[in-house]
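Keep in mind that what you see is a predicted model, and the values were worked out from it rather than measured. Values below: every heavy atom of this structure, side chains too, minus hydrogens, waters and symmetry copies.
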Amino acid sequence: MTQVYGIKSCGSVQKALRFLDSRGITYTFHDFKTSPVSREKIEMWVQHSALSTLLNTKGTTYRTLDLKAKNLDDTNKIEWMSTHNLLIKRPVIEFNDTLVVGYDEAYYEGIFHS
């Protein structure tokens, strides 16, 4: 079963869900705001995707927390992501043995083919 993580109000998440729906791909949606993911889940994701890909350094939360000035190491970045899930780039999709981060329609076409 495909798992999608993000927040419903995120434009990238909305595009991803429309893409999956239009191709008849069933999924379970996990909203970061109502069901935060654990540190363990994030550590698992980091085994399949670069931390630099998972950490959303362009978002409001990153800027508001002024994390750039903190010069965090990888362990601290994961800790911040686990306490502030909105630091995670969205969406994160677990599909078969693949972890897909963000929305890129051309990339999705190659991954989510029928």
Side-chain angles (χ1 to χ4, degrees):
M1 176 64 136
T2 301
Q3 307 294 319
V4 180
Y5 298 84
I7 59 174
K8 287 277 189 182
S9 60
C10 174
S12 294
V13 170
Q14 292 170 355
K15 289 176 190 175
L17 295 179
R18 281 193 300 271
F19 181 95
L20 296 173
D21 289 340
S22 71
R23 279 136 181 100
I25 298 170
T26 57
Y27 56 85
T28 301
F29 182 76
H30 304 271
D31 193 314
F32 288 148
K33 290 183 178 181
T34 58
S35 300
V37 296
S38 67
R39 178 187 182 95
E40 292 75 24
K41 174 65 82 173
I42 295 167
E43 289 172 341
M44 185 198 74
W45 288 344
V46 170
Q47 294 175 15
H48 300 280
S49 181
L51 182 55
S52 60
T53 300
L54 282 164
L55 179 62
N56 184 4
T57 59
K58 296 181 181 177
T60 304
T61 304
Y62 185 82
R63 289 190 307 271
T64 301
L65 295 171
D66 197 25
L67 295 184
K68 185 175 184 179
K70 296 184 185 336
N71 293 320
L72 303 172
D73 63 14
D74 289 353
T75 300
N76 288 337
K77 289 175 184 175
I78 292 170
E79 185 62 32
W80 276 97
M81 291 166 66
S82 68
T83 56
H84 297 0
N85 278 186
L86 296 184
L87 288 168
I88 301 169
K89 186 171 184 177
R90 302 175 297 267
V92 175
I93 303 175
E94 297 172 346
F95 178 73
N96 297 333
D97 292 330
T98 303
L99 188 73
V100 181
V101 180
Y103 179 76
D104 178 332
E105 187 169 351
Y107 183 65
Y108 277 33
E109 290 287 352
I111 297 291
F112 303 107
H113 52 281
S114 300

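- In this structure, Lys70 places its NZ atom where more than 12 heavy-atom neighbours from other residues, nucleotides or ligands lie under 6.0 Å away.
- With a 4.5 Å cut-off on side-chain heavy atoms, Gln47 and Leu99 do not count as touching.
- A single hydrophobic cluster is not seen to contain both Val37 and Val13; linkage of ILVMFWY side chains at heavy-atom distances under 4.5 Å, directly or through other members, places them apart.
- Linking ILVMFWY side-chain heavy atoms closer than 4.5 Å, directly or via other members, places Ile111 and Phe29 in a single hydrophobic cluster.
- Nearest heavy atoms, Leu72 versus Lys77: O-CE, 3.4 Å.
- Looking at Ser49, its side chain never comes within 3.5 Å of a backbone N or O of Val46 through a donor-acceptor pair.
- Under the 4.5 Å side-chain heavy-atom criterion for grouping Ile, Leu, Val, Met, Phe, Trp and Tyr, Tyr107 is not connected to Leu54 through any hydrophobic cluster.
- Considering all non-hydrogen atoms of both residues, Ile25 and Tyr27 come closest at O-CD2, 3.3 Å.
- If you take OG1 on Thr34 and CD1 on Ile7, they are separated by 10.5 Å, rounding to the nearest 0.5 Å.
- To the nearest 0.5 Å, atoms CZ (Arg23) and CD (Glu109) are separated by 4.5 Å.
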Verdict with supporting geometry, Lys41 and Glu94, side-chain contact (heavy atoms from CB on, under 4.5 Å): CA-CA 11 Å; Lys41 174 65 82 173; Glu94 297 172 346; 3.0 Å; yes
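- With rounding to the nearest 0.5 angstrom, the CD1 atom of Ile93 is 3.5 Å from the OH atom of Tyr108.
- Cluster membership check: Leu65 shares its hydrophobic cluster with Phe32, using side-chain heavy-atom separations under 4.5 Å among Ile, Leu, Val, Met, Phe, Trp and Tyr.
- For the pair Thr57/Lys68, no side-chain contact is recorded, criterion being any heavy-atom separation below 4.5 Å from C-beta on.
- Taking 4.5 Å as the limit, some side-chain heavy atom of Pro91 sits within range of a side-chain heavy atom of Ser12.
- Considering CZ of Phe112 and OG1 of Thr98, their distance stands at 8.0 Å, rounded to 0.5 Å.
- Aromatic ring orientation, Phe19 versus Tyr103: perpendicular (interplanar angle above 60°, classes split at 30° and 60°).
- A distance of 12.0 Å separates OG1 in Thr61 from CE in Met81, rounded to the nearest 0.5 Å.
- Gln14 places a side-chain N or O within donor-acceptor distance of the main-chain N or O of Lys8, the cut-off being under 3.5 Å.
- Ile42 pairs with exactly one of Leu55, Leu87, Val92, Ile88 by the side chain to side chain contact (heavy atoms under 4.5 Å, CB included) rule, that one being Ile88.
- Of the inter-residue distances, the one linking Ser9 atom OG with Arg90 atom CZ reads 7.0 Å to the nearest 0.5 angstrom.
- Hydrophobic clustering places Val100 together with Val4 (ILVMFWY residues linked when any side-chain heavy atoms are closer than 4.5 Å, directly or through intermediates).
- By the 30° and 60° cut-offs, the orientation of the rings of Tyr5 relative to Trp45 is perpendicular.
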